[in-house]
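Working notes for the structure below.
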Amino acid sequence: VRKAPSALSALGRRTEPPPISWLMHLTLSRPRLISLAAGFIDNESLPVRETRLLVRELLRSRPGAQAALQYGTTQGDPSLRRLTCAYLRDLDGAAQANAAYAADRMIITNGSQQLLYMLTEALCDPGDIVLVEDPSYFVFLGIVQSRGLRARGIKIDNHGVDLADLERVLTSLKAKGALHRLKFVYLVSYFQNPTGITTSFDRKAGTLRLLRKYEKAAGHPIYLLEDAAYRELGFSTKDVKSSLAVRAGSDCVIYAGTFSKPFATGIRVGFGILPGPVFNSVLGIKGNHDFGTSNFLQHLLARALESGAYRKHLRQLHETYALKAKIMARAIRESFPAEVEWEPARGGLYIWARLPRGMHSGRDSRLFKRALAENVLYVPGELCYADDPARRKPNHEMRLSFGTGSGPEITEGILRLGRTLRALV
Ligand SMILES: Cc1ncc(COP(=O)(O)O)c(C=O)c1O
């Protein structure tokens, strides 16, 4: 059959429908479905009262309201940048004068998702290589696919990226003469999506050391893109320092953060701290995308940070999520077959479960279909693996989210899933 001529660009033709679309479609088309798949945050703890107050304050004075209701700059509101940088510096325990946290290195974006996309535009041409954790954030893998990039998976363990495996991949790229195509390593460093693992500070420093070692052979810097989307969702107050705190490392670090998960996904404001050449390019690209993130929402967030409402909200969130994670863990312990391997969550929104090998969890598997028939949805683990020709994608894992569901829904969802698993083990 002759194909109809298409006016689509190479990217337009190449882009596959993102898995998030059919996961959302399934959720919306089945009202009785319990979704343990969605990466949504908890509805009940959304900052409704706080936001109402902030909006009222924002509109109280006419000049203040006018400033917020006008276009802002491409880079983002100076107050929000100053406050966010001070907040990050504080989290990292860095000195006030530390240039790694300077507000003029920060760009405010439409969610951190926009930053991730623009970074691939600023740094990568089709055929270029990025290194990702194996497994990684599946929406980022969608960008990689759409933009025609090549991804290589790096093994991870309970402390994050496996440095020996990273070096093995770097050596192999060098031996193949492909190192000049490698642009960055992407790490979801806190309570990782999908596994819940947090990368230790030593591993971040080790990664930067290795990237430095190979940059001469690459002929350009190889950046570490640290995606800290879940940083503030830890259940304890213990925080791991970001890679910006690695001494003499920050000129190779791109730090991506967001107010989505810790405050409100509906506000959808993110930010990045970027080294000079990348900063200039991303700022130019953002100018073409939208010449600035919603000014009103930026003013609102600046107020939330300045008034202390933001930190107060975070403290409440920790209790909510710690409880929901506990409910999910208890349900798994009671309902899942003993052969399933998993770890209780210490933060974030996810538990990663490994089924016995040979028990498939993919979209076409018996398990997935039976779970759907039981009206319960999970994210098949295989979606979280890059298309890396060096290995077969594992297909016996699942990502379970305790973000959206209520306690009883989480328990019921896990019970149904446990029943399905037991029938198949
Ligand atoms: C690891 C990770 N990074 C980035 C994002 C994007 O979040 P946002 O664009 O809302 O900041 C998400 C959302 O789920 C995520 O899980």
Side-chain angles (χ1 to χ4, degrees), residues 18-21 23-24 27 35-42 46-47 76 80 84 88 106-120 130-144 146 151 156 160-161 184-199 224-234 240 242-243 254-273 282 286 289-290 293-294 297-298 300-301 304 310 317 321 345 347-352 378-379 381 383-386 399-404:
I20 191 106
S21 306
L23 284 171
M24 294 284 281
T27 309
S35 177
L36 302 174
F40 286 21
I41 59 174
D42 180 62
L46 282 169
L80 181 61
T84 309
L88 293 177
M106 175 171 278
I107 300 179
I108 308 287
T109 53
N110 279 307
S112 49
Q113 193 65 40
Q114 184 190 33
L115 179 68
L116 298 181
Y117 195 89
M118 291 190 301
L119 284 167
T120 66
V130 296
L131 304 185
V132 298
E133 291 154 310
D134 226 12
S136 183
Y137 169 42
F138 65 85
V139 187
F140 180 74
L141 299 179
I143 300 177
V144 167
S146 167
I156 52 174
V161 64
F184 63 84
V185 178
Y186 173 64
L187 301 184
V188 182
S189 51
Y190 297 88
F191 313 109
Q192 196 228 23
N193 179 2
T195 62
I197 287 168
T198 293
T199 308
L224 167 58
L225 167 52
E226 171 162 22
D227 178 344
Y230 298 88
R231 180 171 192 177
E232 293 146 289
L233 266 54
V240 175
S242 79
S243 46
I254 302 168
Y255 182 92
T258 179
F259 293 106
S260 281
K261 311 287 177 180
F263 199 69
T265 41
I267 288 184
R268 208 73 205 284
V269 170
F271 52 87
I273 294 189
V282 169
K286 173 129 176 108
H289 270 254
D290 55 25
T293 300
S294 155
L297 298 176
Q298 292 185 68
L300 189 140
L301 285 168
Y310 182 75
L317 270 196
Y321 286 119
L349 302 178
Y350 312 110
I351 287 181
W352 183 245
Y378 60 84
V379 173
L383 298 180
C384 307
Y385 287 91
R399 190 194 79 175
L400 303 168
S401 170
F402 49 85
T404 34

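Indexing begins at 1, ligand by ligand and atom by atom, following the structure's order.
If you look at ligand 1, the protein residues with a non-hydrogen atom under 4.0 Å away are G111, S112, Q113, Y137, V188, N193, D227, A229, Y230, T258, S260, K261, R268.
A distance-only check finds no donor-acceptor pair linking the side chain of T404 to the backbone of F40 [under 3.5 Å]. A donor-acceptor contact shorter than 3.5 Å links the side chain of S401 to the backbone of A38.
By the 30° and 60° cut-offs, the orientation of the rings of Y310 relative to F263 is tilted. Taking the six-membered ring where the residue is Trp, Y385 and W352 present tilted rings, their angle falling between 30° and 60°.
For the side-chain hydrogen bond (donor to acceptor under 3.5 Å, both in side chains) test, residues two or more places apart in sequence or in another chain that qualify with T195 are Q192.
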Worked check of side chain to side chain contact (heavy atoms under 4.5 Å, CB included) between Y186 and V188 = CA-CA 7 Å; Y186 173 64; V188 182; 3.5 Å; yes
